[in-house]
Amino acid sequence: MDRQKDWQIDNFAAVVYKQDTAEANRITMTKNRKCHLMRRRKFLFATTVFLSLAFINGCAGTSGENMGAASSLDTGARKIDQHSGDIPLTVPKSSKQQFLLGSPQTIFTEKNFVGAGRCALCHAYLQDKEGLDMSINNHWRSTMMANAAKDPLWRAKVVSETSRNPAIKQVIEEKCVTCHMPMAWTQLNVDPRAYGAKSAITAYDAFADPASPLHDAAFDGVSCSLCHQIQDQGLGAKKSFSGKFGIDTVTPAPDRPIFGPYKEVVAEPMRTGLGFTPVYGSHTNDSALCAACHTLYTPFLDSAGNIAGEFPEQTPYLEWLHSEFGEPAGTRHNIEESVGKVRTCQECHMPHSKAGGVLIAMPSHKESTEKDHFSQHHFVGGNVFMLNILQDNLETLEISAPTKKITETKKRTAVQLQQQSASLSLIDGSVERGMLTTSVVLESKVGHKFPTGFPSRRAWLHFTVRDGGGAVIFESGGVGADGTIAGDDGDEKMSCEPHYDLITGPDQVQIYESVMQDTDGKVTFTLLRASGYIKDNRLLPKGFDKLTAPVDIAVKGEAATDGNFTGGSDLVTYQVPIGGHPGPFRVTAELLYTTLSRSFMQDLGRDGSLAEVKRFVKFYDDADKTPVTVVAATGVIR
């Protein structure tokens, strides 16, 4: 671009920033309306027939696995008397009530990439037929994808891991920046002479320096001109995992291709303005595209400090392939197609505008047509906790999003967790010979394991029984203000809470999680020492056959032989002695979820002398650690 065009874009960016300022001023002058993230829902207990059919349809295992699941319900599951009251569905709250604009979006131009702020010049101010905001930058800028390089937990974990394993500092940092700082890392490898750091400085440390020519590219995170330039080469195969995507860095501007999901393309505005030629790419609507970074293998060390193999740290794509929602890599569909039970990553995490009629650029070219299938760049996940930390520390972390936009992303995240993740029912309630017995049935709605991704996340059942006078006579899975789960061997002993089919005591908790082990078979929280999982009982997606699952996504621990833990569901039975307590008895079950386990944070805190770790521990300590209530039910047993 020539100097005049650069000035025009910079000036326009300043105008956009002033418009954001005006918007914030209007907000502060109006009545402050709280976001109703804590919502109430009524949960109806399923009938015996419905539960039986749903449970059986959710099982994908063969022979013994399916028979085990069916037999637990075929005995004649009875619904429990329904309680008319609602249960509040909680989410952690921001600790600061503030309206801030955040930093301006980046407008850098490198040889192969441009900042998101340049893309926003045309892809902002979009609306659908109902007038709802479809602006790509407004949705993306407040997500964890946009802030992948600014994520303070990621930064703390990187320095913690490398301090414990300094011999492979460069190896692991390069592994991490490949997907958290992908534009800078790709550009560095294309032209190391122009961008190369001093020999004693790793790429991670160099990018963190504001004086680095690639600093802005690094801290623009997983941005527009990265994802849309990924080539359709080997996606879905292991050789493409762990950030081994391909970018065409040879074709000069303006002929270098940038891919989108639409066959009708108006190329001239992007060729002239940004130096890219937009073309149709069917792979932009394929889960295999996301798998390039979201399927991650990391090296691990044995007790002698030698690299001993690779650890499947994050495998949602492989889990999806093994579910009823998946399909083989390379199977492609146009963006408007819906094929049976198949659900791609994009369909759930980038939901289409319901109203449609979206012009994807403003001002729009005269040849542009409205799109009825427009993917909103929500990139919604399950990380309310970390979004709170970004919002509460907006200026410190230099987040390029207003607090208002982060609040909107948190609301979408809460909806995803509380309406689209799981269902819960109570069945077979009875009191006989001084013993109360009931079962909790969980059914997953997720297309991969839940929780998924990074092995610090966990969901668990909080189960309580109250007597006729309202006194709590039994509780399993209670959580403290510091995030500790009562009875969890992980939090209390830094070990591993077993998986349960039957719970009879308050020191037993059903926690759905993946727990790492080192080469000596001991529980570890250090990724570079993790050789596998000693426990992985995360809720399975429908159609997942645990008997045929590949080793990298296999169920581990007691859940592997639990006939009631199947593809799409789990059934847990509780037996509680009631002593002399009077009835009727009210039972309540909640599925709770958190991003960071207490044991994971305790381990990270051992490196509190490191600046990045110290900073994150402070953020964590100041944050609301209330878990998300994913789903809940309550009923009366007489």
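Any value given below was found using the heavy atoms of this structure, including those in side chains, with hydrogens, waters and symmetry copies removed. Just so it is clear, the model here is predicted, and its values are computed rather than measured.
No more than 12 heavy atoms of other residues, nucleotides or ligands lie within 6.0 Å of CD in Gln170, so this atom counts as exposed by the packing criterion.
For the residue pair His180 and Ala148, the shortest heavy atom distance occurs at ND1-O, 2.8 Å. In plain terms, the two heavy atoms of Pro577 and Met435 that are nearest each other are N-SD, 3.5 Å. Scanning all heavy atoms of the two residues, the minimum distance from Gly382 to Thr595 falls at O-OG1, 4.0 Å. A pairwise comparison of heavy atoms in Gln508 and Ser476 identifies O-OG, 2.5 Å as the closest pair. Here the shortest heavy-atom pairing between Val617 and Met601 reads CG2-CE, 4.3 Å. Here the closest heavy-atom approach between residue Asp392 and residue Lys96 is recorded as O-NZ, 3.0 Å.
Once rounded to the nearest 0.5 Å, the distance linking CG of Asp491 with OG of Ser599 reads 5.0 Å. Of the inter-residue distances, the one linking Glu513 atom CD with Arg458 atom CZ reads 6.5 Å to the nearest 0.5 angstrom. We find the OG1-CG distance between Thr524 and Asp603 to be 6.5 Å, quoted to the nearest 0.5 Å. Atoms CD1 and OG, from Ile406 and Ser94 in turn, are 9.0 Å apart once rounded to the nearest 0.5 Å. To the nearest 0.5 Å, atoms CG (Leu390) and CZ (Phe385) are separated by 11.0 Å. The CE atom of Met516 sits 12.0 Å away from the CG atom of Asp536 when rounded to the nearest 0.5 Å.
Cation-pi contact between Lys535 and Tyr512: absent, since separation from the ring centre below 6.0 Å together with deviation from the ring axis within 45° is not met. A cation-pi arrangement is present between Lys625 and Tyr620 under the rule of less than 6.0 angstrom and at most 45 degrees off the ring axis.
For the pair Ile399/Lys150, a side-chain contact is recorded, criterion being any heavy-atom separation below 4.5 Å from C-beta on. In this structure, Thr438 and Val576 have side chains that are not in contact, with every pair of non-hydrogen atoms separated by 4.5 Å or more. Contact check for Asp570 versus Asp562: side-chain heavy atoms found under the 4.5 Å cut-off. For the pair Asp501/Val572, no side-chain contact is recorded, criterion being any heavy-atom separation below 4.5 Å from C-beta on. Side chains of Ile637 and Leu436 form a contact here, defined as non-hydrogen atoms less than 4.5 Å apart. Annotation: side chain of Val613 is in contact with side chain of Leu604 (closest heavy-atom distance under 4.5 Å). Side-chain atoms of Val523 and Ile534, non-hydrogen and from C-beta on, do get closer than 4.5 Å to each other. Annotation: side chain of His448 is not in contact with side chain of Leu539 (no heavy-atom distance under 4.5 Å).
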Side chain to side chain contact (heavy atoms under 4.5 Å, CB included) between Leu301 and Asn165, worked out = CA-CA 9 Å; Leu301 306 178; Asn165 303 278; 3.2 Å; yes
Hey, mind stepping through Leu540 and Lys449 against side chain to side chain contact (heavy atoms under 4.5 Å, CB included) and telling me if it holds?
-> CA-CA 5 Å; Leu540 305 174; Lys449 292 182 181 181; 3.9 Å; yes
Chi angles and distances behind the side chain to side chain contact (heavy atoms under 4.5 Å, CB included) call for Glu161, Leu527 = CA-CA 7 Å; Glu161 292 281 338; Leu527 294 168; 3.4 Å; yes
Test Ser609 against Lys614 for side chain to side chain contact (heavy atoms under 4.5 Å, CB included), laying out the working first.
-> CA-CA 6 Å; Ser609 62; Lys614 182 178 181 180; over 6 Å; no
Going through the distances and angles, do Tyr500 and Glu497 end up as a side-chain hydrogen bond (donor to acceptor under 3.5 Å, both in side chains)?
-> CA-CA 9 Å; Tyr500 296 97; Glu497 182 72 5; 3.0 Å; yes
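Counting only distance, with no hydrogens or angles, the side chain of Thr162 and the backbone of Val159 share a donor-acceptor pair below 3.5 Å. Judged purely by atom type and a 3.5 angstrom limit, Ser160 has no side-chain atom pairing as donor or acceptor with the backbone of Ala156. Not a single donor-acceptor pair under 3.5 Å links the side chain of Thr295 to the backbone N or O of Ala292. Using a distance-only test at 3.5 Å, with no hydrogens or angles considered, no donor-acceptor pair links the side chain of Thr315 to the main chain of Leu318. The main-chain N or O of Leu528 is never found under 3.5 Å from a side-chain atom of Thr526 such that the two would form a donor-acceptor pair. Of the possible donor and acceptor atoms, one in the side chain of Trp320 sits under 3.5 Å from a partner among the backbone N and O of Phe325. His322 places a side-chain N or O within 3.5 Å of a backbone atom of Asp545 that can act as its donor or acceptor partner. Side-chain atoms of Glu475 never come within 3.5 Å of backbone atoms of Thr464 as a donor-acceptor pair (strictly under, hydrogens ignored). Counting only distance, with no hydrogens or angles, the side chain of Ser421 and the backbone of Gln418 share no donor-acceptor pair below 3.5 Å. Judged by distance alone, with hydrogens and angles left aside, the side-chain atoms of Asn306 form no donor-acceptor pair with the main-chain N or O of Ala308 at under 3.5 Å.
Cys293 has its SG atom within less than 2.5 Å of the SG atom of Cys179.
Identified under the ring pair (Phe, Tyr, Trp, His ring centres under 6.0 Å) test for residues 453-481, with sequence neighbours left out: Phe454-Phe600, Phe463-Tyr574. Pairs passing the ring pair (Phe, Tyr, Trp, His ring centres under 6.0 Å) check and including a residue from residues 575-598, sequence neighbours excluded, read Phe450-Tyr593.
A salt bridge links Asp520 with Arg529; the closest basic N to acidic carboxylate O contact falls under 4.0 Å. A salt bridge between Lys157 and Asp607 is absent, with no side-chain N of the basic residue lying under 4.0 Å from a carboxylate O of the acidic one. Looking at Arg598 and Asp488, no side-chain N of the basic residue comes within less than 4.0 Å of a carboxylate O on the acidic one, giving no salt bridge. Comment: Lys542 does not engage Glu324 in a salt bridge, judged by the lack of any side-chain N to carboxylate O separation of less than 4.0 angstrom. The pair Asp518-Lys522 fails the salt-bridge criterion, with no side-chain N (NZ, NE, NH1 or NH2) lying under 4.0 Å from an Asp/Glu carboxylate O. Salt bridge status for Asp622 with Lys618: present, with a side-chain N to carboxylate O gap under 4.0 Å.
In this model, a donor atom of one side chain and an acceptor atom of the other lie less than 3.5 Å apart for Lys410 and Asn388. Of the N and O atoms on the side chains of Lys445 and Gln419, not one donor lies less than 3.5 Å from an acceptor on the other residue. Judged purely by distance below 3.5 Å, without hydrogens or angles, the side chains of Thr90 and Thr626 never pair a donor atom with an acceptor atom. Thr298 and Glu310 share no donor-acceptor pair across their side chains, judged by distance under 3.5 Å alone.
Between Tyr297 and Phe241, the ring-plane angle classifies as parallel under the 30° and 60° cut-offs.
For His349 and Phe379, the ring centers are positioned 6.0 Å apart or more.
Under the side chain to side chain contact (heavy atoms under 4.5 Å, CB included) criterion, Ala559 pairs with His499, Asn537, Val555, Phe565, sequence neighbours left out.
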